[in-house]
Structures are given as structure tokens and as C-alpha cells.
Chemist: 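Supplied in C-alpha cells, the structure appears directly below.
Predicted model, so just to flag it, every value in this text is computed and none were measured.
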Amino acid sequence: RCVLPMGFLEQLAGALVVQAQSSLNPPRLSSMAMTRYYGRIMFGQFEVELSRARDARYIIIALHATEAAGLVAQVTRCCHQLIATRFRCLRYVALVKVSDDVLVPLITLQAIASGRINAIKVGKLKL
């Protein structure tokens, strides 16, 4: 539990814009929005929203796409590269919202999809 480093959201948004510009359909400037607490970037027809929690302990990344596996991989890779190069001591866990009150680690969902595991136990997490 810690407060996110100053400028993390802005740097993540910048890294995602660079990633989006290298895609087949680079974003139009009119399709992006950015504030200190919120960012919206278009990856072609798909929208990525970034929002920082008010207590500044985490960032929510919402992907608005029908088949999001490739987009999830791009965003995850971008986050990992940013943290590895600029915020080395920052540790993170990517969580996926599967229902209103259940978050599952992305790595667990990837293991299920690849067949390495076939079930997960859902319980309460104390923060």
C-alpha cells in the first residue's frame, strides 16, 4: 500500500499514446482526453480509459473492446515497460473485474485460458 508516484498516470497515458500511434490506426488528437485524474485514448476503434483513484493508490484501466485479448496484451506490456524503466521499485498486480464485487488477477485468467489451471477459489481480500 503506497501512493502512486507523481506523474505516473500522465507518463502511462503518454506511453499508451506512443503505442497507439505505432498501431495501424493512429489516434486522432480529437479522440484523446487527459486530466490529472483521467485519460482517454483511442486504439483504432477501441477506447482505453485511465482513471486515478482519489486516494492515489491505484489506477483503473478500462478497455472498451469486444475482443480485448490483443489490447490487454498491449496495455499490459506498456505498463510493464514503464514500470521497469522509470519506476523500478513499484510493484503491481493487474486485476480484472469479472463481476461487481470480484476482481481476479490477470495472470490467473491467463493461466485458465492456457489450460494450466482449470478453477479458482474466490474469497475476500483484506486490504
Chemist: Can you name the salt bridge (charged side-chain N to carboxylate O under 4.0 Å, His left out) partners of E49, sequence neighbours left out?
Modeler: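 Partners of E49 under the salt bridge (charged side-chain N to carboxylate O under 4.0 Å, His left out) test: none.
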Chemist: Among all residues two or more places apart in sequence or in another chain, which pass the side-chain hydrogen bond (donor to acceptor under 3.5 Å, both in side chains) test with D101?
Modeler: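 side-chain hydrogen bond (donor to acceptor under 3.5 Å, both in side chains) list for D101, sorted by chain: S99.
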Chemist: Would you mind reporting whether C79 and I61 have side-chain heavy atoms less than 4.5 Å apart?
Modeler: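 Contact flag for I61/C79 side chains = yes.
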Chemist: Please name the pair of heavy atoms, one in L9 and one in Y37, separated by the smallest distance, quoted to 0.1 Å.
Modeler: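 L9 and Y37 have their closest heavy atoms at CD2-C, 3.7 Å.
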Chemist: State which residues pass side-chain hydrogen bond (donor to acceptor under 3.5 Å, both in side chains) with R77; sequence neighbours excluded, sorted by chain then number.
Modeler: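 Partners of R77 under the side-chain hydrogen bond (donor to acceptor under 3.5 Å, both in side chains) test: none.
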Chemist: Check side-chain contact (heavy atoms from CB on, under 4.5 Å) between F87 and all other residues, then give those that pass, not counting sequence neighbours.
Modeler: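 Once residues adjacent in sequence are excluded, the partners of F87 under the side-chain contact (heavy atoms from CB on, under 4.5 Å) criterion are P5, F8, Q11, L82, L90.
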Chemist: Return the set of residues passing side-chain hydrogen bond (donor to acceptor under 3.5 Å, both in side chains) with E10 (not counting sequence neighbours), or none when no residue passes.
Modeler: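 With sequence neighbours excluded, E10 shows a side-chain hydrogen bond (donor to acceptor under 3.5 Å, both in side chains) to no residue whatsoever.
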Chemist: Got more than 12 heavy atoms from elsewhere within 6.0 Å of NE2, H80?
Modeler: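 No.
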Chemist: What pairs with R116 under side-chain contact (heavy atoms from CB on, under 4.5 Å), at least two apart in sequence or on another chain?
Modeler: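 R116 satisfies side-chain contact (heavy atoms from CB on, under 4.5 Å) with A111, S114 once adjacent residues are dropped.
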Chemist: Do other residues, nucleotides or ligands put more than 12 heavy atoms under 6.0 Å from I107 CD1?
Modeler: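 No, not enclosed.
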Chemist: Taking all non-hydrogen atoms of both residues, which atom of A13 and which atom of I41 are closest, and how far apart?
Modeler: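 Closest approach of A13 to I41: O-CD1, 3.6 Å.
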Chemist: Starting at CG of L63, measure out to CG of L50 and round the result to the nearest 0.5 Å.
Modeler: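 These two atoms lie 9.0 Å from each other.
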Chemist: Quick check for you: to the nearest 0.5 Å, what is the distance between L103 atom CG and T108 atom OG1?
Modeler: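 Nearest 0.5 Å value for the CG-OG1 distance: 12.0 Å.
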Chemist: Spell out, yes or no, whether Y38 and V75 are grouped together once hydrophobic residues are joined by side-chain heavy atoms under 4.5 Å, including indirect joins.
Modeler: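 As far as the 4.5 Å side-chain criterion goes, V75 and Y38 are not connected within one cluster.
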Chemist: Working to the nearest 0.5 Å, report the span between CG of L95 and CG of L109.
Modeler: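 It is 9.5 Å, given to the nearest 0.5 Å.
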